Chemist: 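Below is one structure. I have some questions about it.
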Amino acid sequence: MKKIEAVIRVEKLQDVTDELEKFGCPGMMVTHIEGHGRQKGISEQFRGREYKLNFIPKIKIEIIAKDTDVDRIVQLITDIAKTGEIGDGKIFIYPVDNVVRIRTREKGECAV
Ligand SMILES: Nc1ncnc2c1ncn2[C@@H]1O[C@H](COP(=O)(O)OP(=O)(O)OP(=O)(O)O)[C@@H](O)[C@H]1O
Ligand SMILES: [Mg+2]
């Protein structure tokens, strides 16, 4: 199992999550965050405004997925979240040791 942590543009949230639901994503966490990438201190467009702040609003989507689904989920997010402009975001992928569904005490992939 892997954790897919995608940082995307706020305006891409709906499209990305719609497609993830269609794909059959077992679950997800969505957080409104602020951050910056490598253009720290350089302005970036957000909703038609130019930000010269150190931190720009973004969305973080976290998904725990079976190894066999990871590539397709990453591809799907990339296809929809990409505009080609700076600030499109990034996807981080981490190994996950275990998952426990509290209600049933199931563990591992069947608890995802
Ligand atoms: N190295 C990093 N560590 C943690 N968070 C990061 C990192 N790089 C990017 N992020 C997060 O992703 C968001 C978007 O990053 P961004 O797309 O600007 O990355 P970038 O490397 O600057 O790429 P680009 O050149 O396309 O802008 C940042 O606001 C931040 O929340
Ligand atoms: Mg950047």
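Since we're looking at a predicted model, the values are computed, not measured. Both ligands and their constituent atoms are indexed starting at 1 by order of listing.
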Chemist: At a 4.0 Å cut-off, with the gap strictly under it, does some heavy atom of F92 reach an atom of ligand 1?
Modeler: yes
Chemist: Considering residues at least two apart in sequence or located in another chain, which fulfil the side-chain contact (heavy atoms from CB on, under 4.5 Å) criterion with T83?
Modeler: R9, K12, E85, D88
Chemist: Testing the 3.5 Å rule here: is there a donor-acceptor pair between the side chains of D71 and Q75?
Modeler: no
Chemist: Does K90 reach ligand 1 with a nitrogen or oxygen that is under 3.5 Å from one of the ligand's nitrogen or oxygen atoms?
Modeler: yes
Chemist: Could you tell me whether some N/O pair between R38 and ligand 1 is separated by less than 3.5 angstrom?
Modeler: yes
Chemist: Atoms of ligand 1 less than 4.0 Å from I33 heavy atoms?
Modeler: 31 (O)
Chemist: Given G35, G87, A6, G84, which one has a non-hydrogen atom that is nearest to atom 26 (O) of ligand 1?
Modeler: G87
Chemist: May I ask you to list the atoms of ligand 1 that are less than 4.0 angstrom from any heavy atom of G89?
Modeler: 14 (C), 17 (O)
Chemist: Please identify which of these residues, L76, I77, V70, meets the side-chain contact (heavy atoms from CB on, under 4.5 Å) condition with I73.
Modeler: I77
Chemist: Check this for me - ligand 1, K58, N or O atoms closer than 3.5 angstrom, yes or no?
Modeler: no
Chemist: I need the contact type for D88 against ligand 1. Using non-hydrogen atoms and a strict under-4.0 Å cut-off, is it side chain, backbone, both or neither?
Modeler: backbone
Chemist: Can you tell me if R101 has over 12 outside heavy atoms packed within less than 6.0 Å of its CZ?
Modeler: yes
Chemist: How would you list, by chain and number, every residue that makes a side-chain contact (heavy atoms from CB on, under 4.5 Å) with Y94, sequence neighbours excluded?
Modeler: K3, E5, F92
Chemist: Should you measure from each heavy atom of I86, which atoms of ligand 1 turn up under 4.0 Å away?
Modeler: 26 (O), 27 (O)
Chemist: Please find the pair of heavy atoms, one from A6 and one from I91, that lie closest to each other, and give the distance.
Modeler: CB-CG1, 4.0 Å
Chemist: Whether the side chain of T31 engages the backbone of I33 through a donor-acceptor N/O pair (distance < 3.5 Å, no angle test) should be reported.
Modeler: no
